Structures are given as structure tokens and as C-alpha cells.
Amino acid sequence: MTTARTTEHLPFGEKRDPRFFGRDILSVSQFDRSDLDTIFAVAHEMRGMVERIGTFDLLKGKVLTNLFYEPSTRTSSSFVAAIERLGGSVIQINNVTYSSVSKGESLPDTIKTLESYSDAIVIRHPEKGSAAEAAAAAAKPVINAGDGPGEHPTQALLDAFTILEEMGTLDGLTVTMLGDLKYGRTVHSLAKLLTLFDVKINYVSPEILKMPAELVAEVGAAGITQLETPDLDAVLPNTDILYVTRIQKERFENVDEYDQVKDSYVITAETMTRAKEQMAVLHPLPRVGEIAREVDDDPRAAYFRQMEYGMYVRMALLALVLGRA
Ligand code: NCD
């Protein structure tokens, strides 16, 4: 991470907001409500620009590195789409067996190498804290695209943006998070981010996959009303946002434990008959059976639109971090 330089004569197109320019994006905790207002306003503008002209040259000449040590479809490709729609380019590193990482190179050395070729680095890594470690080694901005079960801040930002675009506001809503709340990094980041709004949060999960106690304490300390239950029916009728997650099989040490909980909750067309007419169903995807395909045709199913919103949010973040928003 670099700190913002104050330059009197900025190159054409440069607009450096010191809250974002040159900074890392590691955790949602770094943002306040006015930061979010800016990110969402820029994302909304990006949506309009893409709808009108598709691709434009805001980040022409900028190079992004996408460094993925864990599988990714949406996060990786939406960052590629985001930088390319802004006229920049990307160094894509998906398969660590093709890189010197497989030869035993340390994370800081890999980061130092890649930052010498690019203007910012997006990293996904299986270990909690790895994005912060990468940021400590880098002079260029590092964006956390998921550090194991830790955080996934850009996903939470796009989740919140989706809620805003779908419902018009976040304030006053009841958000129900369902599924793997223990290992799901997206719900960890989203719960923290929602403390900036006037919301109620319900956590519905099997007993062994409850939201970590320290996170519930943190969210509670911010004044948010929370309720934990294994019973979806107890909270569904009052839910405005149903945020469904996949059971994170890859994080279980014991496969039998996964088998016990893997089919705990399945949202079907019948479930939807018991939900509010104005509810939105979100899911970070991929799904592996927790939402039946018959739900896709329900207008409340927002999870495919959510992916598209994700590209606009990542365009906004790249433009802000690279000083051109
Ligand atoms: C999520 C992730 O990787 O944490 N996916 C994503 O980024 N859209 C959710 C998941 O893998 O279940």
C-alpha cells in the first residue's frame, strides 16, 4: 500500500480521492458509511456507462494482476471484465502449479515480483490473513478476494450494492443469513458491513456451522439486533433479504461432518410461498443444491443479477484505488 501523494498537476483523467487512492482493500471494517456512498455512487455510474457504451478508457494503460491460489469463477472473471471494460489489462494467475509458487516461493516474494509488472494486485488465498501479509509486502494496492474463511470484502460490497439496487435502501431491512455461517467468508464480511446500516440480522444454520461468537459480539457491539436459530420458518415471514450460502465443503476437516449437514436447508418454490412478496434472495454462488433451480424463475431470485452488480462494484473499486474515479 502507498499513501496518497499530493500532486498539483495530475495527469489527464486522474481524480485522487485520498480515502481510496493507492490503498489496499483488505476488510470491510476499513469503510464508513460515506465511503460506501461513494463506492455505490461510482458503481451506479459504471452501470450506466456499461449499459450505454460497454467499454471505455478510464483505466487505459493500467495493469491488474489477478493472483488466485483458490478456485474462482465469478470473482476472478468479474475483475477481468471490470479492468477490461475500463480499458486496462490483466495478468491472470490461476493455476499455482504453473508459477514459481509451486517451487516454494514465499508469498511476499511472489507479490514483490507481480507488483513490479502491474498497478494493483487482487489476491485469493486459502489462509486467513494472507491478503494482509501480501499488502505488507507490496507498495501497490492489494485487494482481498477471499482469505480462506476470513473475509471477502469486495463480495460484501457487491452484496450491499445489490440490496440497494433491488430494494432502494438498506435501512429498515431484516437480513437472514442461511447455511454455512462458520466458514462462509462472504457472510463474515457482510455482517460486519451491515453494521453501517439500520438493519436486523438473523443467522440460520446447523448448530456446528453457527456464526463465530466473536463476530456476533462485534456486530452486537455496533448496536445491531441479531437472532440465531436453526429454524428458517421462525424468521422467513419477516425476512426482506434471504442470503443463502453454500456449505463450504473444502474447509471441513472431517468429511462425515460435512455429510451430516450438507442438505440442511434447501430453498424451493414451496419455501418461497411463505416469504414476503418483496423479498430478495441473494447467494454469492456457486450453489450446490441449497436453492432449487425452480426458484430461478421467481422475480425475487436476485442471485444472477447480483453477479452483474459485482462487475460494476469492482469497476468502481479499481477506478477509485487507481485514482481515476
Ligand atoms: C464465494 C467465495 O469464494 O467465498 N464465492 C464467490 O466469491 N462468489 C462463496 C463460496 O465459495 O461459497
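Atoms within a ligand are numbered from 1 in the order they appear, just like the ligands themselves. Keep in mind the model is a prediction, meaning the values are calculated, not measured.
Contact check on Asp35 versus Arg23 returns no salt bridge, with no Lys/Arg side-chain nitrogen under 4.0 Å from an Asp/Glu carboxylate oxygen.
Using a 4.5 Å heavy-atom cutoff, the side chains of Thr271 and Val266 are not in contact. Inter-residue side-chain proximity for Tyr243 and Ile201 is flagged as unmet; no heavy-atom pair is nearer than 4.5 Å. Side-chain contact between Pro230 and Tyr265 is present, with at least one heavy-atom pair separated by less than 4.5 Å. Inter-residue side-chain proximity for Arg324 and Lys62 is flagged as met; some heavy-atom pair is nearer than 4.5 Å.
A heavy-atom cutoff of 4.0 Å around ligand 1 is satisfied by the protein residues Thr75, Arg124, His152, Gln155, Arg185, Thr186, Arg246, Gln248, Pro284, Leu285, Pro286.
The only member of Asn66, Ile123, Ile121, Val63 that meets side-chain contact (heavy atoms from CB on, under 4.5 Å) when paired with Leu114 is Ile121.
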